[in-house]
Every structure is written in structure tokens, then in C-alpha cells.
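Below is one structure; the comments refer to it alone.
None of these values were measured; they are calculated from a predicted model. First the proteins, then the strands, lettered A, B, ... as listed; each starts at 1.
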Amino acid sequence: MIAITLPDGSQRQYDRPVSGAEIARDIGPGLAKSALAVRVDGVMKDLATVIAADAQVAIVTRKDPDALALLRHDAAHVMAEAVKELYPETQVTIGPAIENGFYYDFSRPVPFTPDDLALIEARMQAIVARDEPILREEMERGAAVRFFEDMGEAYKAEIIASIPDGQAIGLYRQGAFIDLCRGPHLPSTGKLGKAFKLMKVAGAYWRGDSRNEMLQRIYGTAWFDEQELKAHLTMLEEAEKRDHRRLGREMELFHQQDEAVGSVFWHPKGWTLWRTVEAYIRRRLEATGYVEVKTPQLVDRSLWEASGHWEKFGANMFTVLTQDERMLAVKPMNCPCHVQIFRVGIKSYRDLPLRMAEFGSCHRYEPSGAMHGIMRVRAFTQDDAHIFCTEDQITSETVAFCELLKAIYGDFGFEDVRVKFSDRPAIRAGADETWDRAEAALLEASAAAGLETTLNPGEGAFYGPKLEFVLRDAIGRDWQCGTLQVDFVLPERLDASYIAEDGQKRRPVMLHRAVLGSFERFLGILIEHHAGRFPMWLAPVQVVVATITNDADDYARTVLASLKAVGLRAEIDLRNEKINFKVREHSLAKVPVMLVVGRREGETGSVALRRLGGAAQEILALGDAVAKLVSEAAVPGA
RNA sequence: GCCGAAAUAGCUCAGCGGUAGAGCAACUGAUUCGUAAUCAGUAGGUCCGCGGUUCAAAUCCGCGUUUCGGCACCA
């Protein structure tokens with residue numbers, strides 16, 4: 001007898017091996033219909049999987065958190081089937097489920113056009129309507145390689161050849177289409193339903209390696225029902241509305257133009273935002289024991305050679321040849337310059353930890369395809385600092401940094417921060433025991449700071465392990481902002497030293513750290529995160545005084561003066577326009593507060609306070625309103 | 001850097017071989033109005049750049065530049 005234990009604890013006995021589909025049918029006809037897959041002892045498998053021993057079994061329906069991935073993986077297969085039907089000369093490669101959808105990479109000499117996408121999508125609908133059973137088969141490896149080679153599917157054959165010997169090769173057949181796949185899959189193509197849409201075609205390298213040929217990737221999105229699909233498409237539209245490039249123009253924050261690719265022209269309002277953020281960070285740094293410096297933009301090649309940047313990073317550096325034939329480089333990083341300041345005079349252990357900060361303007365020649373608004377640029381300013389310390393101080397400095405970082409992100413409205421811990425890469429400098437200590441210190445410190453880290457194996461810098469702090473933006477993209485890297489190498493290369501308690505000369509450890517990463521990128525994220533509706537303390541224009549008639553002009557000027565007197569960023573709108581017009585315009589400009597004044601307010605010394613997006617108004621005495629706004633505009637942590 | 005797409009007024013876009021268009025914005029005038037668009041008028045263009053095809057090119061073709069979507073990159 002085989003005992004099948006269901007999630008509710010109940011048991012069913014079978015006197016012979018039984019498939020997931022049969023179990024579902026035995027439980028009830030409704031479940032049989034909605035069953036998509038089966039979970040055997042926690043592992044997701046095809047519904048047709050035959051269970052031959054006692055097991056914990058759960059029937060997977062669309063409610064299962066992993067069911068969507070199953071659906072999307074099927075969508076990829078159905079798309080591949082459609083493509084093979086329409087364009088038989090195409091070779092298929094891989095097609096996984098991804099967040100919100102799926103993709104499939106194809107090899108085909110002719111590019112897919114948007115018209116092709118419509119055809120493929122229509123064919124996919126037909127394949128769903130055919131409701132072809134999806135059947136698993138297994139094949140011995142050599143046979144599978146020959147099978148796909150005979151079909152002209154060189155990529156599939158290559159994938160199979162790279163699967164370790166002795167493993168059975170899983171194939172899935174639906175109609176005339178057969179694909180290498182580890183599964184599991186839905187029982188038939190009809191289960192995919194109609195809630196999918198092909199989104200775009202893009203290039204992608206075979207096996208993700210830029211030395212390989214480029215394949216054509218078709219992206220799609222897939223959901224269990226049309227409402228979910230529609231909600232997703234609406235979400236994409238909303239995300240587009242908060243794109244920082246669009247808001248940057250609409251809110252007159254910055255612009256970019258062809259003559260300065262990868263650089264930003266900051267307009268008065270955008271620069272106000274920048275200075276607000278910079279002043280805030282500067283105060284945070286002062287409060288946590290940093291000193292601020294400023295180092296040269298142009299530095300002779302010899303320093304970059306000594307630091308190792310010339311060799312490792314030279315291709316990304318802008319260089320300048322002077323008239324006396326010296327080669328200078330525009331600095332891509334601040335660290336070598338900070339070491340130069342450290343090296344002046346003799347440092348004692350009493351000077352450590354020395355926390356040296358700079359709002360360092362750096363230039364890097366980024367690949368042309370990498371540029372993205374102000375998020376990825378060639379000229380940027382880091383909130384950079386290097387902490388020169390002893391090895392013993394790594395933990396306490398890391399804990400302090402993590403706390404600082406948490407406080408700052410919180411002040412900007414980011415509560416959910418993910419942390420990646422990148423450990424030793426294959427090619428690295430320094431002894432293994434040094435790495436042991438550095439990695440242990442970083443892990444211990446992040447735990448002490450209450451951070452949960454995920455391992456990013458082998459992704460550390462060549463000179464030391466690092467923590468990376470990742471924020472997710474409105475369109476679901478991840479942006480690495482903060483970082484903390486332990487460095488034993490640069491102090492050695494640039495000969496930085498201090499005198500220890502025992503009178504011996506020692507090498508300091510350097511902690512490279514940044515909270516925002518770069519101002520450009522962080523401000524871009526901030527714009528998208530708030531959709532341009534900045535909290536009061538960040539808003540470039542905090543208050544607009546708007547008149548209802550010209551009779552109130554003089555009083556409006558008085559109101560403006562009292563706002564400015566307390567340091568609020570205020571503007572005045574005396575135009576001969578209806579108040580409806582003014583309200584609309586300043587709302588679109590995303591000004592958080594409007595003070596509306598008409599004859600009544602002028603006579604009583606009051607203002608009508610209206611908040612962005614709100615319908616209600618509040619009539620306040622001028623003095624009360626000013627006091628209220630000042631407190632609301634207070635910079636956090638001040 | 002690689003694949004694909006795009007570039008027309010300040011913005012959003014139409015026009016796709018035969019006189020360069022609309023809405024909003026701008027400017028001028030009228031309107032003095034109570035919480036998301038008052039009315040009328042005026043002006044605004046190297047149709048990304050350079051070549052080519054053609055009687056004729058914003059439109060078709062080639063090269064280049066930039067942007068967008070991905071991929072790779074983000075030391």
C-alpha cells in the first residue's frame with residue numbers, strides 16, 4: 001500500500017502507483033479541473049508524475065505561490081512552438097519564466113519585427129485553443145544530443161552536451177514541438193489561458209557572454225486572468241509616468257543634450273534638490289566623526305599606475321595630453337587621492353580611525369549602451385569616504401556605517417533595503433587568512449547592525465570583500481546605492497602607514513564606503529520613488545502663494561516675505577488667472593503646499609492652506625501657517 | 001560595445017514621393033474670477049546631420065550622431 005498524505009493531514013491509501021492527476025480526481029472534480037501540477041515531498045512535479053512510495057502530496061492550483069512561474073514557463077514553450085511553426089528555420093535555445101513574465105531566446109538570421117510579434121501572439125492563441133497535451137519523455141544523453149543535432153538545433157545539442165553524464169535528459173512534447181526542459185509543466189497548452197502578451201524583442205548574448213553570438217530574445221508577460229494582465233499593463237503605464245527623465249523635464253529639474261553625453265545640466269530647481277541632499281549628508285557625516293576634503297580632478301598618469309587603476313581601469317578613464325606632453329587622467333575614483341592626504345605627515349594609531357569624506361566628482365567612460373538618464377552617467381559625484389583604520393576596528397566601523405546608512409535611507413523614505421555580501425573572487429590579492437578575517441569581520445558587523453545579507457559568491461573586489469546595499473525603484477529595477485568594501489591592497493600599493501602603539505610602522509586598512517552611491521543616480525531614484533511628489537524638506541519649491549484677484553497682491557507679497565524670512569523655499573503667483581488655473585498648474589508642478597489669498601484673507605490676515613492632491617482647505621492665521629510649515633519642512637536628523 | 005527600434009514646433013504626436021500640420025505651452029489683448037484648464041488673436045520648423053536616387057525627398061536608399069528597449073558592462 002502507498003500512503004499519500006495531503007496538506008490537511010488526511011491520508012489516502014493506494015494499492016498501486018498513482019499519478020498526481022488521479023489523486024486530484026479522487027479528491028474532487030473541481031480540484032481535478034483546476035489542478036496544474038503536484039508537489040511531492042515539497043518538490044514541484046508534473047501532474048502526470050507517478051508516485052510509487054509514501055509521500056506528502058499537495059495538488060498545485062493557481063493559488064500556489066509558484067504556480068505563476070509554471071504558467072510563464074509554459075508560455076515560453078508555447079511561444080517557441082508558435083515561432084517554430086511560423087519560422088521553421090529558427091533555432092530555439094532557452095526560455096525561462098522571469099519576474100512578471102517570460103522570454104525565449106531564438107537564433108534566426110532575420111530579425112523579428114513588431115509585426116512578427118503580433119503573428120506569433122496570434123499563433124500562440126491558436127496553440128492554446130488546440131489544448132495540446134504536454135508530455136514528458138526521457139532520453140539517454142548521447143541519443144538526445146543526436147536527436148537535436150538531427151533536427152538542426154545546435155544550441156539545444158550544446159546545452160545537453162554540457163549536462164553531466166549519467167543524468168537522464170528530460171524532454172517535453174506538445175503537438176509537433178519538442179523541447180529540452182527539466183520541467184515541470186502544466187498538463188496541456190490550454191491551461192495557459194489568454195492572459196498573456198508579447199512585449200518586446202531585444203538582443204541577448206548566447207549564454208550571457210558578450211564574446212558569443214547575439215540571439216533574438218522575445219519578452220512576454222503572462223498571468224492567470226485578464227484582470228491581472230490589465231493591472232500589470234496599467235502598472236507599467238504608471239511607472240512610465242514617474243520616469244525620472246520625464247519628471248526631470250516636466251519639473252524643470254535638469255536636462256541632458258547630445259553635446260555632453262553622459263553628463264547632466266542641473267537647472268535651478270534640480271540643483272536646489274541636490275544642495276538640500278548634500279547639506280543633509282554633510283551634517284550626517286559631521287555628526288558621525290567624518291572630516292571632509294576635496295581632491296584634484298586631473299592627476300598624473302603615474303599615480304594611477306601606482307594605484308593599479310591604470311592597468312585595471314584604464315579603458316574607462318578619460319585622459320588629457322598636456323602641451324608639455326604629460327598624460328593626465330580625470331579621476332574615476334577618489335581613493336588614491338585620499339591616500340595622498342593620509343600620507344602627508346606621520347600618522348599615529350591615535351589618529352585612527354580616520355574617516356575622510358569627499359563629494360568627489362568622478363568621470364568614467366561608460367559603454368555607450370549603459371547610459372540611462374541620470375541614473376547611469378559618465379560624470380557623477382559620489383558621497384564617497386575612506387575610513388583608514390586598524391584591522392581590529394573593521395567591525396565597529398562597519399556597524400557604525402550600517403547604522404548611518406539605515407538612518408539616511410529611512411529619512412529618504414526607503415525602509416526596505418536588501419544587502420548583498422560579496423566574498424572572495426577567484427582572482428584576488430592577499431592571503432587566504434586575511435580574507436578569512438575580513439569576511440568574518442564584515443559578516444559579524446552586518447549581523448550586529450541587524451542586517452540580513454544574501455551571499456553574492458565570488459563577487460568581491462579583488463582587494464577585499466564587500467557589502468552592497470540595493471534599493472528597488474518604481475519600475476522594479478534594482479539599483480545598487482550604498483557599498484562598503486574592505487581593502488588591504490591600496491594602502492600597500494600607495495605606501496600608507498601609521499605608527500602603532502609599539503612604535504612599529506603598520507599598514508592601515510581602508511574601508512571604501514558610500515551611502516547614496518552617486519548623487520545623480522540617487523536623485524534619479526528619489527524622483528521615481530516619490531513620483532516627483534517630494535516630501536516637504538526635499539521639495540525644490542515648498543510653498544506657492546497664489547492670489548485670487550489683484551486686490552490681494554500686496555498682502556500676498558507680505559505672506560511671501562514671511563515665508564522667506566524663516567527660510568522656506570517659496571514662490572508667488574500674481575498672474576491674472578483664475579484660481580482654478582493656478583491650482584492646476586502648481587499641482588502639476590507638484591508643489592506640496594499652496595497658500596491661497598484673496599480679499600478675505602487680506603482683510604483678516606489669514607491664508608487658505610491647500611495641500612497637493614487634497615481637496616480640503618485650512619484657513620489659518622498667517623503666523624500659525626508659517627510656524628506649521630516651518631516645522632513640516634524641518635530637515636530630518638537636524 | 002552588441003541586437004532592434006526611433007529622431008518632425010518648447011512638449012505630445014499626425015503626415016510616409018507633389019505648398020510642413022494639430023493639441024497643449026509661448027506671446028499679445030480682453031477678462032478680476034474662491035481651490036485641477038476663461039475667451040480671442042499672433043508667432044513659432046535646417047522635418048537629427050551628410051551623401052545618394054528622383055522632374056520632385058520630412059517621406060525611398062546609404063553612412064554617421066543621438067535617444068529608447070534589451071544584452072553585456074557597472075572595476
Exercise. Contact class for A:Ala202 (heavy atom, under 4.0 Å): base, sugar-phosphate, or nothing?
Worked result: base
For this session: Look at A:Arg246 together with A:Glu250 and state whether they make a salt bridge at an N to O cut-off of under 4.0 Å.
Result: yes
Exercise. When you compare B:C48 with B:U8, how far apart are their P atoms, in angstrom units rounded to a whole number?
Worked result: 6 Å
Exercise. How close or far is atom P of B:C33 from atom CZ of A:Arg600, stated in whole angstroms?
Worked result: 12 Å
Seminar exercise, completed: Residue set satisfying side chain to side chain contact (heavy atoms under 4.5 Å, CB included) with A:Pro268, at least two apart, ordered chain then number -> none
Please tabulate the protein-to-nucleotide N/O contacts below 3.5 Å involving nucleotides 9-16 of chain B, giving atom names and distances.
residue, atom, partner, partner atom, Å
B:C11, O3', A:Arg249, NH2, 3.4
B:U12, OP1, A:Arg249, NH2, 3.2

Exercise. Hey, which of these two, A:Met214 or A:Arg521, hits RNA chain B nearer its 5' end, going by closest nucleotide?
Worked result: A:Met214
Exercise. Can a cation-pi geometry be assigned to A:Arg428 and A:Phe462, taking NZ or CZ under 6.0 Å from the six-membered ring centre and within 45° of the ring axis?
Worked result: no
Seminar exercise, completed: Stems with RNA chain B, 3 or more Watson-Crick or G-U pairs in a row (under 3.5 Å), are B:1-7 with B:65-71, B:10-13 with B:21-24, B:26-30 with B:38-42, B:48-52 with B:60-64
Exercise. Partners of A:Arg569 by salt bridge (Lys or Arg N to Asp or Glu O under 4.0 Å), sequence neighbours excluded?
Worked result: none
For this session: Return the value, rounded to whole Å, for the distance between atom OH of A:Tyr205 and atom P of B:C2.
Result: 8 Å
Exercise. Looking at A:Arg207 and A:Asp209, does any basic side-chain N land under 4.0 Å from a carboxylate oxygen?
Worked result: no
Under-3.5 Å N/O pairs linking protein and nucleotides 62-67 of chain B:
residue, atom, partner, partner atom, Å
B:U66, O2', A:Asp258, OD1, 2.6
B:U66, O2', A:Asp258, OD2, 3.4

Exercise. With a 6.0 Å cut-off on ring centres, are A:His267 and A:Phe254 close enough?
Worked result: no
For this session: Send over the distance from A:Glu603 CD to B:G34 C1', rounded to a whole Å.
Result: 13 Å
For this session: Mind jotting down which residue pairs meet the salt bridge (Lys or Arg N to Asp or Glu O under 4.0 Å) criterion with at least one end in residues 454-466 of chain A? Sequence neighbours excluded, please.
Result: A:Lys466-A:Glu468
Problem set entry | Test applied, side chain to side chain donor-acceptor pair (under 3.5 Å); reference residue, A:Glu528; option that passes from A:Arg245, A:Arg242, A:His244 | A:His244
For this session: Write down the distance separating the C1' atoms in B:U19 and B:C27, rounded off to the nearest Å.
Result: 27 Å
Exercise. A:Phe380 ring centre to A:Arg378 NZ or CZ under 6.0 Å, with the angle to the axis within 45°?
Worked result: no
Exercise. When the P atoms of B:A9 and B:A58 are considered, how many whole Å apart are they?
Worked result: 15 Å
For this session: Ignoring backbone atoms, test whether A:Lys200 places a side-chain nitrogen or oxygen under 4.0 Å from the OP1 or OP2 oxygen of B:G69.
Result: no
Problem set entry | Atom pair distance, as rounded to whole Å: CZ in A:Arg575 and P in B:U31 | 19 Å
Might you list the N or O atoms of the protein lying below 3.5 Å from N or O atoms in nucleotides 35-39 of chain B, with each pair's distance?
residue, atom, partner, partner atom, Å
B:U35, O2', A:Arg610, NE, 3.4
B:U35, O2', A:Arg610, NH2, 3.4
B:U35, O2, A:Arg610, NE, 2.7
B:U35, O4, A:Gln617, OE1, 2.9
B:A36, OP2, A:Arg610, NH2, 3.1
B:A36, O4', A:Arg584, N, 3.3
B:A37, N9, A:Arg584, NE, 3.4
B:A37, N7, A:Arg584, NE, 3.3
B:A37, N7, A:Arg584, NH1, 3.3
B:A37, N7, A:Arg584, NH2, 3.1
B:A37, N6, A:Arg584, NH2, 2.5
B:A37, N1, A:Arg584, NH2, 3.3

Exercise. Base, sugar-phosphate, or nothing: which does A:Thr549 touch, judged by heavy atoms less than 4.0 Å apart?
Worked result: base
Problem set entry | Residues A:Lys197 and A:Glu121 bridged, charged N to O under 4.0 Å | no
For this session: Look at all strands and tell whether A:Met199 reaches a base, only sugar-phosphate, or nothing, counting heavy atoms closer than 4.0 Å.
Result: nothing
Problem set entry | Counterpart residues, salt bridge (Lys or Arg N to Asp or Glu O under 4.0 Å), relative to A:Glu252 (two or more places apart) | A:Lys269
Seminar exercise, completed: Of all heavy-atom pairs linking A:Pro96 and A:Ile94, the shortest is CD-C, 4.0 Å
For this session: Could you state the atom-to-atom distance from CD of A:Gln216 to P of B:C3 in whole Å?
Result: 11 Å
Exercise. So, A:Arg507 and A:Glu492, do they make that salt bridge, N to O below 4.0 Å?
Worked result: yes
For this session: Could you check which of B:G34, B:U32, B:G70 has an atom nearest any side-chain atom of A:Tyr219?
Result: B:G70
Under 3.5 Å, which donor-acceptor pairs link side chains of residues 332-340 of chain A to any protein atom two or more places apart or in another chain?
residue, atom, partner, partner atom, Å
A:Asn334, OD1, A:Lys331, NZ, 3.1
A:Asn334, ND2, A:Gln382, OE1, 3.1
A:Asn334, ND2, A:Asp384, OD2, 2.8
A:His338, ND1, A:His386, ND1, 2.8
A:His338, NE2, A:Glu358, OE1, 2.7
A:Gln340, NE2, A:Pro336, O, 3.1

Exercise. Does a side chain donor of either A:Tyr104 or A:Gln216 reach within less than 3.5 Å of an acceptor in the other side chain?
Worked result: no
For this session: Compare side-chain N and O positions of A:His372 against OP1 and OP2 of B:C74 and report whether any pair is under 4.0 Å apart.
Result: no
Exercise. How many Å lie between CG on A:Asp553 and C1' on B:C33, as a whole number?
Worked result: 13 Å
Exercise. Looking for any heavy atom pair under 4.0 Å, which part of the strands does A:Pro367 touch: base, sugar-phosphate only, or nothing?
Worked result: base
Exercise. Quick one: salt bridge (Lys or Arg N to Asp or Glu O under 4.0 Å) partners of A:Arg584, sequence neighbours excluded?
Worked result: none
Seminar exercise, completed: Rounded to whole Å, the CZ-C1' distance (A:Phe112 to B:G69) equals 17 Å
Exercise. Can you list every salt bridge (Lys or Arg N to Asp or Glu O under 4.0 Å) pair that touches residues 303-318 of chain A, not counting sequence neighbours?
Worked result: A:Arg301-A:Glu305
For this session: Please state whether the phosphate of B:A72, meaning OP1 or OP2, lies under 4.0 angstrom from any side-chain nitrogen or oxygen of A:Arg207.
Result: no
Problem set entry | Any side-chain donor near an acceptor of the partner, A:Tyr155 and A:Asp105, under 3.5 Å | no
For this session: Write down the distance separating the P atoms in B:U31 and B:C47, rounded off to the nearest Å.
Result: 41 Å
Exercise. Taking the nucleotide of RNA chain B with the closest heavy atom to each, which residue, A:Phe380 or A:Tyr365, is nearer the 5' end?
Worked result: A:Tyr365
For this session: Using the P atom as the reference point in each nucleotide, state the distance between B:G17 and B:C61 in Å, no decimals.
Result: 11 Å
Seminar exercise, completed: In whole angstroms, the gap separating C1' of B:A25 from CD of A:Glu250 amounts to 12 Å
Exercise. What integer number of Å spans the C1' atoms of B:U12 and B:A7?
Worked result: 14 Å
Problem set entry | Interface with RNA chain B, restricted to residues 101-109 of chain A and to heavy atoms under 4.0 Å | none
